[in-house]
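Taking it in order: structure first as structure tokens, then the write-up.
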Amino acid sequence: MDSSLSATQTKKPEGSVTSRETLTITDNRTGKSYEVPITHGTIRAADLRQIKVDPKEFGMMSYDPAFNNTASCISKITFIDGDAGILRYRGYPIEDLAEKSTYLETAYLLLHGELPTSAQLENWTYNVTHHTYIHESIKKFLDGFHYDAHPMGMTISTIAALSTFYHDAKDIFSADSRTKQTYRLIGKMPTIAAFSYRHTLGMPYVYPDNDLSYPGNFLNMLFRTSETKYRPNPTLERALDILFILHADHEQNCSANTIRSVGSSHVDPYSATAAAIAALYGPLHGGANEEVLRMLMEIGSVEKVPNFIKRVKAGEVKLMGFGHRVYKNYDPRARIIKRVAYEVFELMGKNPLLEIALECERIALEDDYFVKRKLYPNVDFYTGLIYQSMGFPMTMFPVLFAIPRTSGWIAQWEEMLLDPEQKIARPRQIYLGHDTRHYVPIGQRG
Ligand code: ACO
């Protein structure tokens, strides 16, 4: 496939005789034919509505549970070619950004469409950095959580609670208001995440240090104890920044679709972002990195890997961190993450679970079951090992995903909001339930 074309765009076949960009559909129930336009290799589902047997009918719909083959929007943010293993933000290959950019610069790119000039980056960094503090009442709110509350649950609730502090956030069609909420969301996410973590440890909260970089300050808020000035290890600071870049956006996945869908009701961005974080929390999405570690611990040793793979093939368990709805090739992010993992292990010592992970990957990449289904390691397969080596408990893993994804979510939300074609999200259904029935009093029911 031409990598400059999206999954929904196709090239005209060589030597094609017809130049009509249309699709002719014949309804064999009536013998009638319909010609519908093709744009970007796509037909509009609404064009199917003219297909009816009886004029009183609603008209033809397409049935697509889980949106396997439905483009729900037109986007200019992120491009993925899952077959070729390509990921680009605003046209820039993920490999280039991971090597040369920083998370804050990448977030700017996602949100503004272009890489910033030096002045723009300075201004952007200043503004995000100066929105890292949270209202003291939010600390009290966090204190209300039980000591063993999952930090992801705390993050979801606290981000939703921000909407009660910033009433101007409701003004979603004001560009100034959106910019302000963007600074706040990107700035405060690490603070809320770090405070949630410290709360579970019963340790005092560490306030943001605005002299530090975005990932450096996050490490400061997580790990500082009695030192007057926390100095993040540069290898860990850069590793975290790269992981943040890799997780910043991934087009129309479950959580991006959530923020677009919830945001389409015109709710404020804090409530919409909380919904997106909740979508990410699930084990099939951002919760997978936590599940990968649990799985590697359950396997326990390299010798037990073949038996575990047998269980996967028998359908008893899933090989977590493998497979992807879009990538039918090695996830390009997983490749970069594997390299970062070795850099972190060099500093922190090799994670003992690494050998088990490598053996799972080795066997899976050679095994027919995985090859036939095109199951390759995804972004989550190695991230958990890095996070664990950096000192994060497993419950923090999905939170570490949510922090950088905030920029992608806001970019998706804003694009949806400003798209004149978008309306409140409202899918249709095929109703196969009962026809009218009459209420039966409880004493007369069998
Ligand atoms: N282990 C074993 N078999 C798998 C796995 C896996 N991890 N993933 C898919 N399969 C099998 C399915 O059982 C199915 O087999 P079948 O054809 O015999 O029924 C086939 O591969 C196709 O899988 P689907 O479930 O149709 O793929 P789908 O696109 O719906 O699911 C998903 C993608 C959810 C990511 C899936 O691969 C999975 O559950 N992986 C494990 C969880 C995970 O790592 N999630 C993180 C994804 S990345 C992210 O969200 C950031």
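Remember, it's 1-based here, ligands and their atoms both numbered in the order they're listed.
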Please write down residue, atom name and distance for the protein heavy atom closest to [atom].
atom	result
atom 50 (O) of ligand 1	H285 ND1, 3.0 Å
atom 48 (S) of ligand 1	H324 CD2, 3.6 Å
atom 9 (C) of ligand 1	L375 CD2, 3.5 Å
atom 42 (C) of ligand 1	M320 CE, 3.4 Å
atom 15 (O) of ligand 1	R373 NE, 3.1 Å
atom 47 (C) of ligand 1	N378 ND2, 3.6 Å
atom 39 (O) of ligand 1	K318 NZ, 2.6 Å

Please identify which atoms of ligand 1 are closer than 4.0 Å to at least one heavy atom of [X].
X	result
D380	46 (C), 48 (S), 49 (C), 51 (C)
V379	51 (C)
L319	1 (N), 2 (C), 6 (C), 7 (N)
L284	39 (O), 45 (N), 46 (C), 47 (C), 50 (O)
A288	43 (C), 44 (O), 45 (N), 46 (C)

Quick one: do the [X] and [Y] side chains pair a donor with an acceptor below 3.5 Å?
X	Y	answer
T39	E21	no
Q412	E251	no
E290	T395	no

Sub-3.5 Å N/O-N/O distance, [X] and ligand 1:
X	answer
R325	yes
V312	no
F322	yes
F401	no

Going by a strict under-4.0 Å cutoff (protein heavy atoms only), does [atom] have a neighbour on the protein?
atom	result
atom 45 (N) of ligand 1	yes
atom 24 (P) of ligand 1	no
atom 6 (C) of ligand 1	yes
atom 1 (N) of ligand 1	yes
atom 28 (P) of ligand 1	yes

Report yes or no: does F381 have a heavy atom closer than 4.0 Å to ligand 1?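 No, F381 has no heavy atom closer than 4.0 Å to ligand 1.
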
The test is side chain to side chain contact (heavy atoms under 4.5 Å, CB included); show your working for L284 and K318 and say whether it passes. CA-CA 10 Å; L284 297 188; K318 270 191 175 174; 4.0 Å; yes

Full working for ring pair (Phe, Tyr, Trp, His ring centres under 6.0 Å) between H199 and H146: CA-CA 9 Å; H199 176 76; H146 207 45; 9.1 Å; no

Basic-acidic side-chain contact under 4.0 Å: E366, R362: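 A salt bridge is present here (some side-chain N lies under 4.0 Å from a carboxylate O).
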
Look at the aromatic rings of F145 and F141 and report parallel, tilted or perpendicular, splitting at 30° and 60°.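 Geometry flag for F141 against F145: perpendicular rings.
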
Test ring-ring contact (aromatic ring centres under 6.0 Å, His included) applied to Y214 and W124, Y103, Y126, the passing residue: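 The residue from W124, Y103, Y126 that satisfies ring-ring contact (aromatic ring centres under 6.0 Å, His included) with Y214 turns out to be Y103.
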
Compare G82, G323, G321 and give the one whose heavy atom is closest to atom 35 (C) of ligand 1.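 Answer by nearest heavy atom: G323.
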
Shortest heavy-atom approach to atom 12 (C) of ligand 1 - which of Y369, Y327, Y376: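 Nearest option to atom 12 (C) of ligand 1, by heavy atoms: Y369.
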
Take F173 and H266 through the ring pair (Phe, Tyr, Trp, His ring centres under 6.0 Å) test and state the conclusion after the steps. CA-CA 9 Å; F173 289 107; H266 292 176; 5.0 Å; yes

Check the pair Y376 / Y327 against ring pair (Phe, Tyr, Trp, His ring centres under 6.0 Å), numbers first and verdict last. CA-CA 8 Å; Y376 292 88; Y327 293 118; 10.0 Å; no

Positive for side chain to side chain contact (heavy atoms under 4.5 Å, CB included) with Y205, one of L142, I134, T191: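 When L142, I134, T191 are each tested with Y205, the side chain to side chain contact (heavy atoms under 4.5 Å, CB included) holds only for L142.
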
Do Y230 and F223 have ring centres separated by under 6.0 Å?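 No, ring centres 6.0 Å or more apart.
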
I would like to know whether Y133 and Y207 meet ring pair (Phe, Tyr, Trp, His ring centres under 6.0 Å); could you show each step before the answer? CA-CA 7 Å; Y133 271 64; Y207 282 76; 5.7 Å; yes

Should the heavy atoms of other residues, nucleotides or ligands under 6.0 Å from CZ of R29 be counted, would the total exceed 12?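 Yes - once you tally the heavy atoms of other residues, nucleotides and ligands closer than 6.0 Å, there are more than 12.
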
